[in-house]
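What follows is a set of notes on a single structure, which appears directly below.
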Amino acid sequence: MYCKCALIDSARKVFNENTESMKLSICYNALLSGYVLNLRYCDAFLLLGKMRELGVEINAVTMLGLILACAGPGDNVYEICGSVDYGRRLFNEIPEKGLITWNAMIFGYAQNGLASQVLELYREMKTCGVFPDAVTFVGVLSSVAHLGARSVGCAVEQQIAANGFGRNPFLSNALINMYSRCGNLKKARAIFDRMPVKSVVSWTAIIGGYGMHGQGEVAVQLFDEMIRIGVRPDSTAFVSVLSACSHAGPSDKGSNYFAAMEKKYGLQLGPEHYSCMVDLLGRAG
């Protein structure tokens with residue numbers, strides 16, 4: 001529960017309070033999966049080392065969590081897992097592939113920017129009679145967005161509805177991102193507007209869509225509305241709004257957002273935020 005609520009430090013505290021005799025593999029697996037879920041991949045691998053040291057059973061559930069960690073974003077993917085090609089060779093050697101195996105490979109391709117391979121694997125998966133789930137569709141939609149393959153995205157949306165995943169917030173966010181990148185802002189906005197609960201990811205996706213297509217004023221209005229209703233912006237949201245200000249928005253608003261990141265929200269400025277500001281100020285003369 002703590003892991004799924006992004007309170008990973010609280011989860012670790014509960015784990016640490018258990019006596020050694022109570023720390024069964026199920027406890028380790030729960031915490032390891034929680035680290036992966038919260039993108040703390042190094043902590044997941046350190047916990048694996050602790051399991052080995054203490055002789056705790058490493059089972060299929062443990063390995064699944066580690067596979068997903070290897071499919072996570074970042075330059076350390078190749079250091080930890082070798083290469084995507086090696087992952088594909090292992091995938092090909094599995095005689096009977098379940099949905100989890102297909103999803104792991106799809107995400108491995110998606111996280112490494114191999115969008116064409118994702119769509120090929122998705123088609124192969126359906127040919128083999130394996131039915132996709134919400135996790136599959138998220139990986140596929142991210143690749144559709146990368147390629148700008150709107151027709152494929154529309155077909156995927158129909159399959160999402162047919163499989164009863166239409167109200168899944170993660171898929172709604174992925175659809176907003178996909179339609180925005182493919183230039184269909186009307187469709188992206190319709191999906192956004194009908195979401196009953198909008199997370200910062202939802203707002204960031206639609207703000208980025210408007211900014212990407214030169215509608216910086218609308219993007220800024222949405223960002224201000226997000227803050228007004230109490231959704232706290234993160235670093236990615238600021239990248240979206242700063243980029244929007246750079247392309248078609250007011251430069252003074254962009255400067256104010258940039259200053260507010262550290263002063264008001266305590267967020268660390270990264271190179272992507274500085275790049276947006278250089279671009280914004282350069283375009284403003």
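Quantities reported herein were computed from a predicted structural model and do not represent experimental measurements.
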Could you report the tightest heavy-atom contact between [X] and [Y], atom names first, then the distance?
X: Leu267; Y: Ser235; answer: CD1-N, 4.0 Å
X: Met195; Y: Pro169; answer: CE-O, 4.0 Å
X: Ala219; Y: Gly211; answer: CB-N, 4.1 Å
X: Gly139; Y: Ser142; answer: O-OG, 2.7 Å
X: Val118; Y: Ala110; answer: CG2-N, 3.5 Å
X: Ser180; Y: Ala188; answer: OG-CB, 3.5 Å

One thing to verify: whether [Y] and [X] come together as a salt bridge, which I'm taking to mean a side-chain N less than 4.0 angstrom from a carboxylate O.
X: Arg123; Y: Glu120; answer: no
X: Arg189; Y: Asp193; answer: yes
X: Asp9; Y: Lys13; answer: no
X: Asp224; Y: Lys253; answer: yes

Side-chain heavy atoms under 4.5 angstrom apart, residues restricted to Ile, Leu, Val, Met, Phe, Trp, Tyr: same cluster for [X] and [Y]?
X: Phe107; Y: Leu37; value: no
X: Val239; Y: Ile206; value: no
X: Ile229; Y: Ile227; value: yes
X: Met212; Y: Met178; value: no
X: Phe131; Y: Val138; value: no

With rounding to the nearest 0.5 angstrom, report the [atom1] to [atom2] distance, [X] to [Y].
X: Cys5; Y: Ile8; atom1: SG; atom2: CD1; answer: 11.0 Å
X: Leu99; Y: Asn103; atom1: CG; atom2: CG; answer: 4.5 Å
X: Leu242; Y: Glu272; atom1: CG; atom2: CD; answer: 10.0 Å
X: Leu147; Y: Leu119; atom1: CG; atom2: CG; answer: 5.5 Å
X: Ile176; Y: Ile207; atom1: CD1; atom2: CD1; answer: 11.0 Å
X: Ile106; Y: Met125; atom1: CD1; atom2: CE; answer: 5.0 Å

Would you mind listing the cluster partners of Leu7? Hydrophobic ones only (ILVMFWY), side-chain contacts under 4.5 Å, chaining allowed.
->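 Via sub-4.5 Å side-chain contacts, Leu7 links to Met1, Tyr2, Val14.
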Stepwise, does the side chain to side chain contact (heavy atoms under 4.5 Å, CB included) test hold for Phe137 with Asn163?
-> CA-CA 11 Å; Phe137 287 130; Asn163 283 276; 4.1 Å; yes
Hey, does the Lys NZ or Arg CZ of Lys97 hover above the aromatic six-ring of Phe91, less than 6.0 Å from the centre and inside 45° of the axis?
->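 The answer is yes; both the distance and angle limits are met.
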With the side chain counted from C-beta on, respond yes when [X] and [Y] share a heavy-atom pair under 4.5 Å apart, and no when they do not.
X: Ser255; Y: Met277; result: yes
X: Asn173; Y: Ser199; result: yes
X: Tyr28; Y: Glu57; result: no
X: Lys198; Y: Val231; result: no
X: Thr62; Y: Met51; result: yes
X: Leu222; Y: Val241; result: no
X: Val144; Y: Arg150; result: no
X: Val156; Y: Leu141; result: yes

Are more than 12 heavy atoms from other residues, nucleotides or ligands located less than 6.0 Å from atom [atom1] of [X]?
X: Lys126; atom1: NZ; result: yes
X: Arg283; atom1: CZ; result: yes
X: Leu269; atom1: CG; result: yes
X: Glu17; atom1: CD; result: yes

Would you list the pairs meeting ring pair (Phe, Tyr, Trp, His ring centres under 6.0 Å) in which at least one residue belongs to residues 169-226, sequence neighbours left out?
->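 Every ring pair (Phe, Tyr, Trp, His ring centres under 6.0 Å) pair that includes a residue of residues 169-226, provided the two are not neighbours, is Phe192-Trp203, Phe223-Phe238, Phe223-Tyr257.
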Does a donor on one side chain sit under 3.5 Å from an acceptor on the other, for Asp133 and Thr136?
->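 A pair is found: one side chain offers a donor N or O, the other an acceptor, under 3.5 Å apart.
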Heavy-atom donor-acceptor pair, Ser243 side chain to Ser240 backbone, under 3.5 Å =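 Judged by distance alone, no pair lies under 3.5 Å.
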N/O donor-acceptor pair under 3.5 Å between Asp279 side chain and Ser275 backbone |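 Absent.
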Pair Trp102-Cys128, side chain to side chain contact (heavy atoms under 4.5 Å, CB included): steps then yes or no | CA-CA 11 Å; Trp102 287 93; Cys128 293; 4.0 Å; yes
Quick one: do Ile191 and Glu157 satisfy side chain to side chain contact (heavy atoms under 4.5 Å, CB included)? Show the steps, please.
-> CA-CA 11 Å; Ile191 295 169; Glu157 184 184 15; 4.0 Å; yes
Side chain to side chain contact (heavy atoms under 4.5 Å, CB included) between Met261 and His273, intermediate numbers included = CA-CA 10 Å; Met261 277 190 66; His273 303 106; 3.5 Å; yes
Report the residues that fulfil ring pair (Phe, Tyr, Trp, His ring centres under 6.0 Å) with Phe165, sequence neighbours left out, ordered by chain and then residue number.
->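 For Phe165, no residue satisfies ring pair (Phe, Tyr, Trp, His ring centres under 6.0 Å) once neighbours in sequence are set aside.
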